[in-house]
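First listed ligand is number 1; within each ligand, the first listed atom is number 1. All values below were derived from every heavy atom in this structure, side-chain atoms included, with hydrogens, water molecules and symmetry-related copies excluded.
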Amino acid sequence: MIEKTIRLVVPDWQAGDNPVYKLGAKVLKAIAPENKEQKTITVKTADSNQTLEKENNVTAQSAVLKNIRNTKKVIITEQPNKIITFGGNCLVSQQPIDYLNGIYGEKLGVIWIDAHPDISNPEVFYNEHAMVVGNLLHRGDPAIQKEVDNPLKSNQIFYAGLQEPTNNEKKLIEQAGIKYKVQDENQIDSERVIDWIKENNFEHIYIHLDVDVMNSDSKNFYATYFNNPDLGEIPDNAAVGKMSRKSIWQFISNFSQEYNLVGLTLAEYLPWSAKEMLDLMNNTNIF
Ligand SMILES: NC(=[NH2+])NCCC[C@H](N)C(=O)O
């Protein structure tokens, strides 16, 4: 097979109901190391200054569906065998994982590095980014998961860095048959990951990184959900991440040397300081 890696920039902000997700995608695209062999494609997502409405108990469901379909179209046109995805919120992993599962099937394992299980559905929650694992298993939002042509099996997902899920989420994880362990240390237990790879004979690995898995102390990793200046009380489905940045960076880097990484998502990056600078520019009468 000819190697083809693409960089997919997916500025979906609707699924997490915060326009700063879009800025996160822009910044990641701008700072990514240059590589002429890797084509960068930015998926079209709608802009809006209006408050997003719920449709079928899902925030901006039709806009989210459009973003998903646009993402799918780009991937199908490009036919890559490796995908780097810059989010955007966690939803951005849905179509890349679906597509790669279509290529690699049961040889593909997905490491979901996240403080949250993202296995909700519209009956228990309303923001789509918390449903993406549910959608990938065809146990999430019926309107959005229908775009997933190659659903994952529960053994293909490994939760790393997971914090205590809500009672609803625990039920959903158990019903789906995903084995999990709440992470109490501040680093990923690589041995457990490696055991899971061996047990399942995975040959291709996708890593999804939601940066909120990290301790959001300014000296560790600041640009997360939890440092939103407008965030009131922390919702009960948003347990705070505990991981050290150093350990996550090392884990991903080591992993990429030793295993065949076919996909990487960087999600939920919320660059608050870039947002402050943008506010200045937006309100200054020279731009
Ligand atoms: N993918 C995630 N960050 N999941 C947890 C998010 C929960 C948070 N309360 C929300 O709006 O939407």
Side-chain angles (χ1 to χ4, degrees), residues 10-25 51-61 63-64 67-68 85-97 110-137 139-141 144-145 157 159-170 172-173 176 178 180 182-183 206-216 221-243 248 265-272:
V10 193
D12 179 285
W13 58 279
Q14 293 95 337
D17 196 5
N18 192 332
V20 184
Y21 284 116
K22 201 166 170 160
L23 200 56
T51 320
L52 300 175
E53 301 288 338
K54 290 202 181 73
E55 302 156 24
N56 306 316
N57 198 36
V58 174
T59 310
Q61 194 186 45
V64 168
N67 295 346
I68 283 284
T85 306
F86 295 138
N89 54 69
C90 288
L91 181 81
V92 304
S93 282
Q94 178 171 313
Q95 294 315 126
I97 292 177
V110 178
I111 306 176
W112 200 264
I113 308 180
D114 196 326
H116 312 110
D118 294 347
I119 197 163
S120 304
N121 61 53
E123 279 167 34
V124 303
F125 191 55
Y126 46 85
N127 285 342
E128 194 75 32
H129 68 156
M131 305 181 202
V132 54
V133 172
N135 293 344
L136 282 163
L137 293 164
R139 295 173 156 271
D141 176 356
I144 304 294
Q145 72 190 21
I157 297 169
Y159 284 132
L162 183 69
Q163 297 306 308
E164 193 70 29
T166 63
N167 288 337
N168 275 333
E169 289 166 342
K170 280 185 200 164
L172 293 167
I173 299 173
I178 303 179
Y180 74 99
V182 170
Q183 182 98 33
Y206 194 104
I207 292 184
H208 165 96
L209 171 68
D210 174 340
V211 297
D212 75 16
V213 76
M214 290 179 280
N215 170 339
S216 53
F221 193 87
Y222 190 82
T224 79
Y225 176 87
F226 300 103
N227 285 316
N228 181 351
D230 297 325
L231 184 68
E233 238 170 80
I234 295 177
D236 59 354
N237 69 343
V240 181
K242 283 204 185 128
M243 304 292 113
I248 298 282
T265 292
L266 304 182
E268 304 268 337
Y269 172 59
L270 290 160
W272 301 114

Under 3.5 Å side-chain donor-acceptor pair for Y206 and T265: yes
Under 4.5 Å between any side-chain heavy atoms of L172 and V124, yes or no? yes
I'd like to check the side-chain hydrogen bond (donor to acceptor under 3.5 Å, both in side chains) partners of K54; sequence neighbours left out, ordered by chain and number. none
Under a 3.5 Å cutoff, is there a donor and acceptor pairing between the side chains of T59 and N127? yes
Going by the atom numbers of ligand 1, which of them fall below 4.0 Å from some non-hydrogen atom of N237? 5 (C), 7 (C), 8 (C), 9 (N)
Within a distance under 4.0 Å of any heavy atom of C90, pick out the atoms of ligand 1 and give their elements. 1 (N)
Can a non-hydrogen atom of F125 be found less than 4.0 Å from any atom of ligand 1? yes
In the protein, what heavy atom is nearest to atom 5 (C) of ligand 1, and what distance, to one decimal place, separates them? H116 ND1, 3.6 Å
Donor-acceptor pair, side chain of N89 and main chain of L91, under 3.5 angstrom: yes
Note: heavy atom closest to atom 4 (N) of ligand 1, options N18, V132, D118, belongs to D118
Just wondering, do Q163 and M243 contact through their side chains at under 4.5 Å, heavy atoms? yes
Name the closest protein heavy atom to atom 8 (C) of ligand 1, giving the residue it belongs to and the distance to 0.1 Å. Y225 OH, 3.3 Å
What part of H129 sits under 4.0 Å from ligand 1 if we count only heavy atoms: the side chain, the backbone, both or neither? both
So which bit of D210 gets within less than 4.0 Å of ligand 1, heavy atoms only: side chain, backbone, both or neither? side chain
If you measure from each non-hydrogen atom of D17 to ligand 1, which part falls under 4.0 Å: side chain, backbone, both or neither? neither
Among protein heavy atoms, which sits nearest to atom 11 (O) of ligand 1, and what does the distance come to when rounded to 0.1 Å? N127 ND2, 2.9 Å
Tell me every residue that passes side-chain hydrogen bond (donor to acceptor under 3.5 Å, both in side chains) with E164, counting only those two or more places apart in sequence or in another chain. K170
For ligand 1, which atoms sit closer than 4.0 Å to a heavy atom of D212? 3 (N)
Distance, nearest 0.5 Å, that separates CH2 of W112 from CD1 of I207: 12.5 Å
Taking only heavy atoms of P235, which atoms of ligand 1 are found under 4.0 Å from at least one of them? 9 (N)
How about V20 and N228: do any of their side-chain heavy atoms sit closer than 4.5 Å? no
State the atoms of ligand 1, each with its element, that fall below the 4.0 Å cut-off from a heavy-atom position in E268. 1 (N), 3 (N)
